[in-house]
Amino acid sequence: MAIKTYLQAISDGLREEMRRDDRVFVIGEDVGVYGGAFKVTQGFQAEFGPWRVLDAPLAETAIVGACTGASMMGLRPVAEMQFADFISCAWDHLTTVAAKQHYRTGTALPFVVRCPSGGGFSGGPFHSQNPESSFAHIPGLKIVCPATPEDAKGLLVEAIRDPNPVLYFEHKHLYRRIKGEVPETDYTTPFGQARVHRAGSDVTIVTWGAMVYTAEEAATTVAERDGTSVEIIDLRTIIPWDREAVLASVARTSRLIVLHEDTRTGGFGAEIAATVAEEGFGLLDAPVVRVAAPDTPVPFSPPLEKAFIPQVADVVRAIERMAAY
Amino acid sequence: MAIKTYLQAISDGLREEMRRDDRVFVIGEDVGVYGGAFKVTQGFQAEFGPWRVLDAPLAETAIVGACTGASMMGLRPVAEMQFADFISCAWDHLTTVAAKQHYRTGTALPFVVRCPSGGGFSGGPFHSQNPESSFAHIPGLKIVCPATPEDAKGLLVEAIRDPNPVLYFEHKHLYRRIKGEVPETDYTTPFGQARVHRAGSDVTIVTWGAMVYTAEEAATTVAERDGTSVEIIDLRTIIPWDREAVLASVARTSRLIVLHEDTRTGGFGAEIAATVAEEGFGLLDAPVVRVAAPDTPVPFSPPLEKAFIPQVADVVRAIERMAAY
Amino acid sequence: MESARLAPASSTLDDARAAGLDRVDLQELYRLMLLTRGIEERGHILFRQGKVPGSFYTGRGNEAAAVGVGLAMERDDVGFPLQRDMGVHVARGTEPWRIFAQYMGRVDGFTAGRDGNVHMADTRLGLHAMVSHLPANVPVACGVALAFRIRGEARVAIGWSGDGATSRSDWHEALNFAGVRRLPVVFVVNNNQFAYSTPNDLEFATGHIADRAAGYGFGGVVVDGTDVVAVVRETRAALDRARGGGGPTLLELVTLRMEGHAVHDDAYYVPKGLHDAWSQRDPIERYRAFLREHLAQFDEETDMQVRGDVKAELADALRRAEASALPDADSILDGLFADPGELDTPHHR
Amino acid sequence: MESARLAPASSTLDDARAAGLDRVDLQELYRLMLLTRGIEERGHILFRQGKVPGSFYTGRGNEAAAVGVGLAMERDDVGFPLQRDMGVHVARGTEPWRIFAQYMGRVDGFTAGRDGNVHMADTRLGLHAMVSHLPANVPVACGVALAFRIRGEARVAIGWSGDGATSRSDWHEALNFAGVRRLPVVFVVNNNQFAYSTPNDLEFATGHIADRAAGYGFGGVVVDGTDVVAVVRETRAALDRARGGGGPTLLELVTLRMEGHAVHDDAYYVPKGLHDAWSQRDPIERYRAFLREHLAQFDEETDMQVRGDVKAELADALRRAEASALPDADSILDGLFADPGELDTPHHR
Ligand SMILES: Cc1ncc(C[n+]2csc(CCOP(=O)(O)OP(=O)(O)O)c2C)c(N)n1
Ligand SMILES: Cc1ncc(C[n+]2csc(CCOP(=O)(O)OP(=O)(O)O)c2C)c(N)n1
Ligand SMILES: [Mg+2]
Ligand SMILES: [Mg+2]
């Protein structure tokens with residue numbers, strides 16, 4: 001195994017799948033000559049040519065609509081949104097056409113939309129969002145949020161091979177900051193199977209994406225401070241999500257924190273909390289606590305952005321409150 | 001007070017507000033000569049002229065974008081979506097521009113989008129949806145879902161006078177089926193104050209829109225069958241929502257059912273259940289139960305649509321299960 | 001500024017031959033238009049009998065436009081017809097009994113009761129079901145064309161919209177993308193002069209919708225949509241151009257919507273004079289007169305024969321459809337997602 | 001098919017007079033362009049000093065296009081400039097120190113740190129802040145124009161987009177709506193030949209973007225965006241037309257983006273020859289030469305004086321901006337919703 005950045009793992013996964021399967025092609029704004037705003041597809045056009053690495057006009061519905069059509073014909077398109085925020089421009093297409101197609105007509109749509117998401121670098125209200133919760137409410141879409149380089153690659157390959165529309169949220173703040181071992185083999189990471197990022201016995205934190213590392217720091221802090229043992233469950237995929245793993249962990253810890261970077265009201269954390277409150281009622285010794293961003297747009301200025309994105313200290317406070325319950 | 005249909009109450013509220021305030025105007029597809037697909041604006045163009053009752057091209061972003069611009073200039077636009085389902089075509093505008101405008105720039109946008117929503121008459125996957133939950137996750141939008149003629153009028157007038165973008169979901173299945181007393185006076189129904197539709201002591205049902213009547217039938221059924229006393233809280237507005245009223249009711253009944261017509265996963269019911277599980281943990285004698293549509297598009301054929309939309313029997317079963325806990 | 005080409009009318013057998021239509025084709029066009037109208041008329045009766053849930057839409061007046069394009073398509077072409085385009089389904093060989101089953105929400109409808117109305121298609125025939133949100137499938141048609149281009153196949157995709165739908169976002173993004181990439185796609189606009197109650201002059205401000213094609217870098221053609229031979233000719237020309245690498249064409253087929261938007265709408269807002277004028281141009285009557293005048297073999301008897309056959313076919317189809325079951329409530333969750341095994345099926349060609 | 005009018009260049013004082021520009025205006029245009037470039041150059045320095053969070057965008061090469069339109073606007077007109085349009089803010093009188101405060105996310109920036117970059121406007125000057133999603137404010141500009149039309153005011157709205165942004169949905173819906181209703185709106189397209197790395201020929205397939213205006217029922221004009229006098233002249237003509245009830249105009253201002261898309265981008269994909277050619281047409285250099293040649297009062301000394309004043313103003317603005325505080329974390333929830341009292345404020349005119 002080699003040590004790779006999260007970004008490199010995504011790029012490698014995509015390139016390898018394009019080599020393996022000539023039905024796979026890439027479409028997006030500036031993905032060709034420029035190699036993508038974050039350089040995930042750097043060098044791809046030289047290798048695969050301009051018709052497998054297409055620079056599209058600035059038109060997200062044209063891009064995702066093209067994925068729907070091309071996948072209907074048996075190709076395996078992978079679209080790139082320049083930032084996840086711009087997927088709002090393809091909301092109607094994704095929720096109206098793509099999500100409902102198989103249920104209505106039985107036609108499979110094997111395509112992936114890659115969405116560089118998340119904040120942490122003063123991207124402001126339009127370059128920092130985590131739109132996964134909005135889509136998670138729409139039946140018919142699969143939603144993937146890898147946290148580690150290994151998963152980033154394995155889940156991307158799985159997404160490309162899945163016969164359904166998959167939204168793949170890659171967190172920009174992990175791109176170059178997070179490195180890890182990535183198998184050289186052709187492997188996939190199955191959907192709907194959470195990963196125990198850290199085992200523990202006192203409190204469970206369920207999270208995904210960049211917040212896995214925030215949870216980890218918080219867990220280390222409380223472990224060192226007073227020996228509280230935190231279990232971190234990285235969901236890896238939001239739709240489907242691994243409720244069994246979550247309930248099993250809560251059965252051991254009796255305490256649950258749900259942590260996400262997206263805003264609180266109506267975020268996917270509500271679904272997890274509601275499910276555990278419903279199906280794990282007898283397991284809980286304390287109320288489920290959600291730690292999430294406040295209900296505002298993502299502010300630009302550093303003090304505000306810091307107040308927006310859940311911080312290690314916020315999670316530590318939640319753990320302490322919970323342990324004291 | 002006069003007895004009016006829900007539809008008449010909406011139409012009257014709009015007409016009266018247009019008479020009172022010449023800044024109010026209506027824009028939408030077929031709202032002028034035709035009086036709207038459901039005839040809410042019938043006769044309006046004759047009274048107010050073609051520039052206060054505008055037939056727009058088939059272009060939802062042009063329509064809602066025009067509301068944003070005209071409201072910036074101090075007018076009070078009221079847009080009509082022909083069906084709530086088509087608001088997906090204005091998703092980007094509403095969530096990107098309108099919802100974030102005041103927080104970012106301090107510019108108030110006093111406009112309303114009327115959305116005829118809901119199923120029950122084989123409208124199929126594109127004419128039956130309840131999109132309120134999707135928008136409820138986006139900070140900056142207010143969301144209204146009246147259940148009675150009195151509220152339909154009072155909340156519409158309140159929405160028009162509110163200085164923010166308000167999505168007003170009027171349930172099509174209530175249009176002509178539900179009649180009730182409507183004050184003749186100039187009144188408004190405040191946002192964020194739930195209404196006790198039926199008082200009770202054993203189980204609380206929190207719901208809104210057409211499901212209020214489904215809950216009512218279920219409550220009558222169990223009251224007659226074995227004397228179970230159900231309290232029905234009609235939220236009236238989803239953003240803001242009246243958490244105090246819900247918690248107060250749960251404090252009395254110790255049991256909560258959240259009922260909505262929209263699909264279950266990530267629906268607004270999850271937010272309510274999560275909030276009560278968090279803030280009302282000690283109040284509950286049984287887990288919160290959500291009764292909602294299954295996670296599929298809204299099917300067309302009657303047996304499937306019936307299996308989709310929560311039925312009285314589904315609510316009765318939930319009450320019984322809960323009472324037996 | 002007007003930039004679209006106005007297609008000439010067809011009036012002689014030579015015109016038909018120029019469109020590549022032989023005698024058999026010419027008679028087949030007639031049968032297909034009759035069958036199209038017959039399906040919708042019977043569907044309407046079913047609706048009034050309470051057997052069709054929801055609402056009901058027809059394409060009366062659009063039979064020539066729809067059948068003409070449907071017939072012009074090659075076997076491996078792929079299309080996304082709309083609410084007025086029953087004739088496309090019929091021309092491609094869709095079985096009428098399954099259309100009735102679709103109307104009634106039965107398991108043998110193309111969506112097995114999941115969707116209604118003409119939100120249907122037999123994917124094996126290279127057609128895909130419409131969605132309500134107009135014109136959401138036009139970008140999809142471009143994606144289909146892109147697949148053909150990537151694989152180097154001599155196939156063409158066809159994306160439909162109404163006059164009203166051309167005001168929407170998706171239409172623009174699709175046409176622009178297709179123009180930039182010179183994709184093998186033909187854009188058909190059924191301009192029936194109204195979008196629900198909204199007339200053309202409140203929808204667009206140019207002379208013809210087809211004038212817009214110039215702004216996307218390809219040609220626009222305005223065709224009389226009641227002239228089936230002209231529709232076939234212009235569609236074939238556009239398909240040939242696309243197939244040969246010449247890029248897209250925008251075909252505007254002008255008709256009048258001869259009934260309300262849907263069954264509940266009496267279309268009082270359509271000026272009576274306009275309606276009367278277009279009644280004189282009923283595509284089927286017009287075509288029958290053409291055949292009677294020019295096609296020796298097509299006499300009164302043949303006409304009666306074709307009509308009788310269509311009638312019998314429809315009666316049979318209705319019987320078969322009514323025997324189809326309603327879907328089982330327990331199946332509601334089935335098929336939200338595709339299974340891996342479903343890929344590489346015929347419609348994934 | 002090309003339908004847009006190609007605007008003639010300006011080269012003499014008569015041209016300037018025809019554009020309604022007197023000697024004072026002519027000198028003011030120069031100052032505004034210098035100020036515009038100066039703000040962006042200093043912003044870039046602040047960025048390199050680590051004082052500007054996030055990224056940084058400039059409009060180098062677009063100064064004439066932006067200042068020209070900004071100056072042509074009447075006091076009560078309303079505009080929605082974009083990422084290359086610092087000159088519009090400057091021409092309308094935006095205070096430079098608040099722009100620096102905006103860059104640095106300080107409380108005195110126009111968004112008080114809620115948004116960054118040139119996502120800002122002084123609403124009291126009839127300008128509104130851009131959003132990233134392009135060109136989402138073009139339909140909003142139409143709504144502003146609709147308000148003017150409903151109230152019968154002699155005001156015009158201006159909606160901007162880049163060449164790339166014209167590919168998007170919102171642009172089409174807005175232009176179509178404006179054409180149908182003949183709204184008092186002018187659409188400015190900054191065609192700087194690239195959308196990030198994507199060149200014009202991968203964005204649209206017509207000769208000029210302005211050719212599309214014909215399909216929306218109004219006129220399109222192509223203007224050299226480095227020729228500030230021509231920009232003023234054509235903008236005034238378009239504003240007058242809109243103000244007089246003549247409906248919209250599409251103004252395509254052609255430039256080259258002279259820096260990368262943002263600071264991290266070295267724009268290696270722009271052909272060197274192209275870049276060199278447009279370097280010869282730097283709008284400020286070009287205009288200085290024009291003034292030196294034609295405006296007697298504008299001598300070396302005047303030039304030095306203007307430059308000196310601009311420099312001093314910017315130094316002062318920087319000092320003032322740096323003294324502005326960062327926002328308080330506790331204010332994060334403030335102002336998500338408007339309170340009733342906030343209506344009927346000046347920008348609601
Ligand atoms: C995006 C969208 N908005 C609104 C509607 C509601 N609606 C259904 S058909 C129709 C009119 C369509 O007009 P046109 O495109 O001319 O097609 P026609 O029905 O005349 O064939 C409208 C407004 C819709 N289907 N889709
Ligand atoms: C809807 C949308 N998609 C993607 C982006 C990312 N993006 C930012 S600027 C840009 C290029 C814009 O090109 P153009 O419109 O020509 O403006 P320019 O930057 O050249 O002035 C892109 C793709 C965006 N801002 N909005
Ligand atoms: Mg029409
Ligand atoms: Mg550009």
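Computed from heavy atoms alone, side chains included, the values below leave out hydrogens, waters and symmetry copies. None of these values were measured; they are calculated from a predicted model.
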Visitor: Using 30° and 60° as the class boundaries, would you call the ring planes of D:Tyr216 and D:Phe218 parallel, tilted or perpendicular?
Guide: parallel
Visitor: Among C:Ser167, C:Gly217, C:Ala210, which has the most heavy-atom pairs under 4.5 Å with chain D?
Guide: C:Ser167
Visitor: Looking at chain C, which one of D:His172, D:Arg168, D:Arg212 has the largest number of heavy-atom pairs inside 4.5 Å, strictly under?
Guide: D:His172
Visitor: Carefully, step by step, assess C:Phe80 and C:Val144 under the rule side chain to side chain contact (heavy atoms under 4.5 Å, CB included).
Guide: CA-CA 10 Å; C:Phe80 295 82; C:Val144 168; 3.7 Å; yes
Visitor: Would a line drawn from the ring center of C:Phe194 to the ring center of C:Tyr269 be shorter than 6.0 Å?
Guide: yes
Visitor: Which answer fits D:Arg181, side chain, backbone, both or neither, if we ask what part of it has an atom under 4.5 Å from a heavy atom of chain C?
Guide: side chain
Visitor: Could you check whether any side-chain N or O of C:Asp77 sits under 3.5 Å from a backbone N or O of C:Arg155, counting only pairs where one atom can act as donor and the other as acceptor?
Guide: no
Visitor: When heavy-atom pairs shorter than 4.5 Å are enumerated against chain D, which of C:Asp170, C:Thr166, C:Val180, C:Ile209 gives the highest number?
Guide: C:Val180
